[in-house]
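For reference, the structure is listed below as C-alpha cells.
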Amino acid sequence: DYSFMGTPTYNLKHTWVLNDKLVFDTGFNHTAGGFLLDFPDPARQYDLQPFFNDVTDTWNRSFDRQIEGPRPTTEVKTDSSYFWSNLLGGDHQVKFGARYKMWKTGSGEHTGGNADAQYDDIDGESSTSCASLGRTTNCYGNSLSPELVRIFRDGNTLSQAWTYGAYIQDNYSRGRLRLNLGLRYDLQDGVTTGACVPASTFAPDVLPAFCWNGADATRPFRDWAPRLAATYDLFGTGRTVLKGSYALFFDQGELITNLGGNPANEIELRAPWNDANGDRFVQHEEVDFTRLTLQSGNFDLSTGQPRNVTSPNTVADNAWNGRTTEIIGTISHELFANFGVDLSYIYRKDDHDTMSHRIGETADMWVRREWVPTPAQVESLPQGVGATQFFYYEIAPGVVRPANVTHTERSDEYAVYRGWEISARKRMSNRWQMNAGFTWNDRRLYNITGSNIANNQPDFDLTNGDMV
C-alpha cells in the first residue's frame, strides 16, 4: 500500500549501569521511507492511456507513476565500557559492542492504462509531420502504420541487505603514552527478494501476471578491520605531542544484490497501431499483435515468459569488498598560550575494487582512433587546450560485440592519496579565535598488471565512442 509514503521514525534507548565499571547503552531505531511520483489525479489517470505526440514532443491525458520504496531501515546496537586500573602498569578503558542493521530498497512503475498511444516522429528532427507531407500512412518509422502503441506491464522490484558487526577497543594510558587498539568485524549479505506483478490491464493475454522467488546474487562479505592509534608527549610538558594512527575501513552497503535482468521489472512492448476511429485511444482491434517487438525488460515474446528467471550475469566467488588503508602521522605543538599548530602527513590507499566486462569480449575487438576536430570545434576549446592527442575507441570494422552478459570479478586497480596538512588554531581568548589550514595533496590511480586477475583478459570497460 503506497498511499502513505511518509518517513515515520521510532527510537528506543536504554542504559544499564551494571556496576561502577561496566555500562551498557542499547538502542533501537526503525525508519520507514520511500516516496511516490504520482499522477496529478490518480483516481482518474491510473487507468487512463497517455497520448504522446513525438512530433511536437507533448504528453496529454495521463503519464505514469514512479514508486521509490519501500525503503525501511532497522538497526539494533549495544555499546559497552569497562574500566580497569593498574593493569600492565596503566589504566584501561575497554569499549565493545555489536549491531544488526537491515534495509530494503524497492521500486515500482505503472503507466496509465498500461498502454501509451503515440504518434511518432518520422524524421527524427521533430520538424516534419504527416499532415505537412500530405501522408496518412507510413508515418511511424518503417512500420506500415501511422501510429505506435507502447504496451506495458507494471514493474515491482525489491532487494534486502543486512549486516552484523562487532568491535572491541582498548584505550590504554601509561605515563606519556596513550594507545588505542581495536578490532572490528562485519558480515554483510543481501538478496533480491521475490515479487509479483499483475497482468497488463491492456493486454493480459500477452503480458500475464507473474511471480518469482528472487535470487541470491553473491556471497557475503566478511571483513576484519584492525585499528591502532598512539600519542606520545615528547617532552612531558604537554606542549609537543606526536600522534600516529593506522586503520582499515571497508565499504558498507556496497553489496551486489541485483545482477540485472530482474524478471519483475517493467516490460515494454511495441506494435503498429491504426487509430481507425480517430479517438487517439488504443483499442485491441486497432493493434497488429502479429508484429509485436520487445523494447525493454526481461521477456520472451515466443513464450510469454521471462527470458530467464535468474540473471545471466555472474559474479566471481572471490569478489571482495572495497577497502581503504589509512596511515596518519602528526606532530602538534603549542607555540604559546591558547595557540597551537599541527603538521600531518596522510596516506590512503583504496583497493579491493571489482570490475565487470562482457563475457567473450577481448581488447583486440576495439581499435583506437584519433579525434580530428572541425574548425568550429577548435574555436570552442578552452584557452590553452590543444586540438590534438584526443583519442577514442570503437568496435573494429566487421566485429560484432558479444551479448551484454557480464562477469564481475576482482580488479587490481587501486588509488593512492598522499597529502600534507598544516593547521593553526587559537582558542577563544581576548575576544578572538582562529582556525586556519592548508593542504597539499596528490591522488593517483594505478593498475599493477593491466589485466584482469581472474581470466587474464585486458582490463577495459569501454562504450562505443568513449573519449579518453
Side-chain angles (χ1 to χ4, degrees), residues 7-33 71-105 160-191 219-233 238 241-255 320-330 332 346 348 352:
T7 55
T9 300
Y10 307 93
N11 283 293
L12 296 174
K13 186 175 181 180
H14 179 262
T15 299
W16 180 28
V17 182
L18 187 62
N19 54 47
D20 61 344
K21 293 185 177 182
L22 184 59
V23 178
F24 291 89
D25 288 313
T26 302
F28 167 85
N29 173 272
H30 175 81
T31 302
R71 294 181 177 180
T73 299
T74 301
E75 182 177 25
V76 180
K77 64 178 182 178
T78 183
D79 298 290
S80 306
S81 298
Y82 190 82
F83 301 91
W84 267 304
S85 298
N86 299 318
L87 179 65
L88 300 177
D91 297 326
H92 299 258
Q93 181 186 9
V94 179
K95 296 182 178 181
F96 54 95
R99 77 160 185 162
Y100 164 78
K101 184 177 181 180
M102 183 276 294
W103 61 98
K104 296 181 180 180
T105 304
Q160 179 175 330
W162 55 90
T163 178
Y164 299 90
Y167 73 93
I168 183 170
Q169 69 178 45
D170 181 16
N171 296 307
Y172 171 75
S173 59
R174 180 178 180 179
R176 302 181 191 178
L177 179 66
R178 302 289 186 272
L179 289 178
N180 186 312
L181 307 173
L183 181 64
R184 181 182 183 89
Y185 173 77
D186 287 288
L187 182 149
Q188 301 181 71
D189 201 359
V191 297
R219 65 173 181 80
F221 291 140
R222 296 179 174 89
D223 301 315
W224 293 91
R227 312 278 172 87
L228 169 65
T231 62
Y232 184 73
D233 184 351
V241 177
L242 299 179
K243 305 174 184 178
S245 65
Y246 165 84
L248 284 181
F249 304 95
F250 288 90
D251 290 346
Q252 296 288 317
E254 298 298 324
L255 290 157
W320 47 19
N321 193 16
R323 179 181 69 175
T324 298
T325 303
E326 182 182 77
I327 300 173
I328 301 176
T330 302
S332 299
I346 304 166
R348 293 191 187 98
H352 279 203

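These figures come from a predicted structure and were not determined experimentally.
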* Say whether, by atom type as modelled, one donor and one acceptor occur between the side chain of Thr163 and the main chain of Leu187 under 3.5 angstrom. =>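 Yes, Thr163 side chain to Leu187 backbone: donor-acceptor pair under 3.5 Å.
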
* Quick check: does any side chain N or O of Asp251 sit under 3.5 Å from a backbone N or O of Asn321, one acting as donor and the other as acceptor? ->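 Absent.
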
Using 0.5 Å steps for rounding, measure from the [atom1] atom of [X] to the [atom2] atom of [Y].
| X | Y | atom1 | atom2 | value |
| --- | --- | --- | --- | --- |
| Lys21 | Ser81 | NZ | OG | 14.0 Å |
| Asp189 | Met102 | CG | CE | 13.5 Å |
| Ser245 | Leu228 | OG | CG | 8.0 Å |
| Arg323 | Phe250 | CZ | CZ | 5.5 Å |

* Asked: Any side-chain heavy atom of Arg178 within less than 4.5 Å of one from Asn180?
  -> no

* Asked: Does any non-hydrogen side-chain atom of Val94 lie less than 4.5 Å from one of Trp84?
  ->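 Trp84 vs Val94: side chains touch.
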
* To do: Classify the angle between the aromatic ring planes of His352 and Trp320 as parallel (below 30°), tilted (30 to 60°) or perpendicular (above 60°).
  =>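 Because their plane-to-plane angle is under 30°, the rings of His352 and Trp320 count as parallel.
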
* **Aromatic ring pairing Phe24/Phe96, orientation class (parallel under 30°, perpendicular over 60°, tilted between)** =>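 Rings of Phe24 and Phe96: perpendicular, over 60°.
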
Closest heavy-atom pair and its distance - [X], [Y]:
| X | Y | value |
| --- | --- | --- |
| Val241 | Gly238 | CG2-O, 4.5 Å |
| Lys95 | Asn171 | CE-ND2, 4.2 Å |
| Leu22 | Asn19 | N-OD1, 2.9 Å |
| Gly90 | Arg174 | CA-CB, 4.3 Å |
| Asn86 | Asp91 | N-OD1, 3.3 Å |
| Leu248 | Ala225 | O-CB, 3.4 Å |

* **Phe221 and Asp186: CA distance, side-chain angles, deciding distance, side-chain contact (heavy atoms from CB on, under 4.5 Å) verdict** => CA-CA 8 Å; Phe221 291 140; Asp186 287 288; over 6 Å; no

* For the pair Tyr185 and Ile168, evaluate side-chain contact (heavy atoms from CB on, under 4.5 Å) and give the outcome as yes or no after the intermediate values. => CA-CA 9 Å; Tyr185 173 77; Ile168 183 170; over 6 Å; no

* Do Asn29 and Thr31 get their side chains close enough for a donor-acceptor pair, meaning under 3.5 Å? -> yes

* To do: Tell me yes or no: between the side chains of Asp79 and Tyr167, is some donor less than 3.5 Å from an acceptor?
  => yes

* Please name all residues satisfying side-chain hydrogen bond (donor to acceptor under 3.5 Å, both in side chains) with Thr74, sequence neighbours left out, ordered by chain then number. =>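 With neighbours one apart ignored, the set is His30.
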
* List the steps, then state whether side-chain contact (heavy atoms from CB on, under 4.5 Å) holds for Arg227 with Phe249. => CA-CA 9 Å; Arg227 312 278 172 87; Phe249 304 95; 3.7 Å; yes

